[in-house]
Protein chains: 2
Amino acid sequence: MLSKATGLGKASLYHYFPQGKQGMAKAVMDYIASNFEEAVLRFLQDASTPEERILLMCQALGDFYAHGHNNCFLAMMSLGEADNLFHDQVKQQLEMWIDTVTQVLIEGGIEPQLARERSQDAIIKIQGTLILVRILNEPAIFTRILNDMPRKLISS
Amino acid sequence: MLSKATGLGKASLYHYFPQGKQGMAKAVMDYIASNFEEAVLRFLQDASTPEERILLMCQALGDFYAHGHNNCFLAMMSLGEADNLFHDQVKQQLEMWIDTVTQVLIEGGIEPQLARERSQDAIIKIQGTLILVRILNEPAIFTRILNDMPRKLISS
DNA sequence: GTCTATACACCGATAGAC
DNA sequence: GTCTATCGGTGTATAGAC
């Protein structure tokens, strides 16, 4: 697939990625992590109110996951052989996401432990919804969950 | 793996499964579906109250997924090449689970549409939690989600 | 039914020419 | 840098003896 997409032969790809398959996979991971930060996490570091930041993140999530049609790359990489090679990196990315949301909720006046649980709950829902939508082919579920998310995160 | 586990040579396995890999995978799917029905869904058809049935199902789910240490086979089969071969069967299984929970909630006096959404929410949480626990290696999250689940499903 | 032997395609990777 | 050719290994499956 990479060969076809780039127009390069296999050997040329191995020239750019001396670490072979693992190097190519890491490049994809880094690329997606960078995208996610730019397209989603960025809103959590805005100057606006915590409520507004949460709302913006949820909207951004809809686009990032193509309203349920994209899979989560982190979830993919936590399976099979990839898990052996990238577990630490995947874990770190996910923890960063949870921590960032937690911090915003704390700034919004929510108790630290509750903030952490709500943050976990939100990401659990994203992940679970992507699975349901993928299997059932009902994008409306993704929309429903994402619409409810800001309120569930910030309500007192 | 199958050869080692059964003590049979490859050719013998192909004798029992003339459909090859696909036949073997289907056997695994059917086996797990049967287990799930016997170990989890069974409680939803009990003679007790809807509340009690939901509670029993949630307890059974904890064991079935080894408190977060097992992956969901349906979720696995919805990825990659397997999805092409088994999408319909996977979808049917998942719909059956959602429908069964929905029916119990309706019997418990919850409006049909809300019942359906709550049922989806519960299964979303199971799926999402399995991903988080697998990546973060924090089984406590699974316990927390499962403990809250009966209340969230049946509360008025 | 089970085995050994084999076919065949693909994957990950490298060698070496240009 | 890019290519063709090739290697070793593995996965899926079959042939044919017993």
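- D:dC18 atom P lies 19 Å from atom NE2 of B:His15, rounded to whole Å.
- The closest side-chain heavy-atom distance from A:Met149 to A:Ile126 is below 4.5 Å.
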If you restrict it to nitrogen or oxygen atoms, what contacts under 3.5 Å exist between nucleotides 8-12 of chain D and the protein, and what is each distance?
from	atom 1	to	atom 2	distance (Å)
D:dT12	OP1	B:Lys21	NZ	2.7
D:dT12	O4	B:Lys10	NZ	3.2

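- Residue A:Met24 contributes atom CE, which lies 13 Å from atom P of C:dC11 at whole-angstrom precision.
- Residues B:Lys125 and B:Asp121 are not paired through a salt bridge, judged by the lack of any N-O separation under 4.0 Å between the basic side chain and the carboxylate.
- With a 6.0 Å radius and a threshold of 12 heavy atoms from other residues, nucleotides or ligands, B:Glu111 has its CD atom at or below the threshold.
- Regarding contacts with the backbone of C:dC3, a side-chain N or O of B:Ser12 is found under 4.0 angstrom from either OP1 or OP2.
- Between the P atom of D:dA13 and the OH atom of B:Tyr16 lies a distance of 18 Å, rounded to the nearest Å.
- Counting heavy atoms of neighbouring residues, nucleotides and ligands inside a 6.0 Å radius, atom CD of B:Gln19 does not exceed 12 of them.
- What separates CG of A:Leu13 from P of D:dT2 is a distance of 9 Å, to the nearest Å.
- The residue B:Gly23 sits apart from the nucleic acid: no heavy atom pair falls under 4.0 Å.
- The 12-atom threshold is exceeded at CD of B:Glu52, counting heavy atoms of other residues, nucleotides or ligands nearer than 6.0 Å.
- Between the side chain of B:His87 and the backbone N or O of B:Ser78 there is no donor-acceptor pair closer than 3.5 Å.
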